[in-house]
Amino acid sequence: IGQLVFADQRSDSLYGSYTWGGWKLGALWNKSKLTAAATGAGLAPAGTELGNRTAWSIPLRYATGPHTFMATYTKAQDDSATAAQDGAKMWALTYAYSLSKRTHVALSWGDLKNAGGGAYTPYVSSASTNGGLAPGESARNITLGMRHNF
């Protein structure tokens, strides 16, 4: 049986976007830090940095009538608290069509490339429900979805 690690987490995020015509360009930055809790319980002494990762994303959207086209590039830097190259890069492309004011369908394609020690997993994939990707594995996924707002 493994030991529990008690940790304190801090995450800072900044997001902004600019809209002109049917276009919307955004930028997202996130810095997350994990340190062993003050109690010192777990696998590391109190105050030990367990994780320190920065990630950013650039989403772009174009909407015209019932059609919406989206593209996003995301990069998670290597964790500075580890020696491993554990970052990742991801591209995502989406086409959405509005059937009505409340019903939308979308087709998405995603390409996630983990570095040698990276184990990021797409949220919408069989890998996310089967324990995730192993370090260094990459994934591509195609998703078809429908949303209806009540």
Side-chain angles (χ1 to χ4, degrees), residues 2 4-37 42 44 48-150:
L4 293 175
V5 175
F6 296 96
D8 293 320
Q9 180 176 353
R10 177 182 173 140
S11 185
D12 298 306
S13 296
L14 181 63
Y15 177 78
S17 64
Y18 181 75
T19 303
W20 71 103
W23 293 92
K24 182 175 183 180
L25 177 65
L28 169 71
W29 170 87
N30 174 271
K31 174 109 173 141
S32 295
K33 188 174 182 178
L34 194 65
T35 54
T48 302
E49 189 174 81
L50 303 172
N52 191 340
R53 190 259 306 138
T54 300
W56 53 270
S57 187
I58 305 290
L60 177 65
R61 181 186 78 193
Y62 178 72
T64 178
H67 310 279
T68 303
F69 304 89
M70 295 170 270
T72 304
Y73 178 74
T74 303
K75 180 171 172 94
Q77 304 286 349
D78 291 336
D79 188 331
S80 65
T82 65
Q85 291 183 331
D86 51 7
K89 298 174 187 175
M90 185 180 83
W91 278 99
L93 300 173
T94 300
Y95 167 72
Y97 183 79
S98 297
L99 298 169
S100 69
K101 283 185 175 183
R102 300 182 318 159
T103 306
H104 313 276
V105 293
L107 178 64
S108 297
W109 169 84
D111 185 24
L112 171 67
K113 292 188 184 328
N114 279 308
Y120 289 89
T121 299
Y123 177 72
V124 182
S125 74
S126 61
S128 64
T129 57
N130 293 320
L133 297 175
E137 282 188 323
S138 294
R140 287 191 184 133
N141 62 351
I142 296 175
T143 306
L144 177 62
M146 179 180 217
R147 184 182 81 201
H148 179 76
N149 299 326
F150 291 94

Side-chain heavy-atom pair [X], [Y] within 4.5 angstrom cut-off:
X	Y	value
Leu28	Pro59	no
Leu99	His148	no
Leu144	Ile142	no
Ser11	Asn30	yes

Quiz prompt | Residue pair Asp86 / Tyr120: nearest heavy atoms and the distance that separates them | solution = O-CE1, 3.5 Å
Taking the side chain from [X] and the backbone from [Y], do they hold a donor-acceptor pair closer than 3.5 Å?
X	Y	value
Asp12	Lys31	no
Asn52	Asp79	no
Ser100	Thr103	yes

[X] [atom1] to [Y] [atom2] distance, which is reported to the nearest 0.5 Å:
X	Y	atom1	atom2	result
Met90	Asn141	CE	CG	8.0 Å
Leu50	Lys33	CG	NZ	10.5 Å
Asn114	Glu137	CG	CD	8.5 Å
Leu112	Arg140	CG	CZ	11.0 Å

Quiz item: Is it true that the side chains of Ser108 and Thr143 contain a donor and an acceptor less than 3.5 Å apart?
Solution: no
Quiz item: In terms of ring plane angle, is the pair Phe69 and Tyr62 parallel, tilted or perpendicular, where the classes change at 30° and 60°?
Solution: parallel
Practice problem: Check the angle between the aromatic planes of Trp23 and Trp20 and answer parallel, tilted or perpendicular using the 30° and 60° thresholds. | Solution: parallel
Quiz item: Between Tyr97 and His104, does the ring centroid distance fall short of 6.0 Å?
Solution: no
Quiz item: Do the charged groups of Asp111 and Lys113 touch, with an N to O distance under 4.0 Å?
Solution: yes
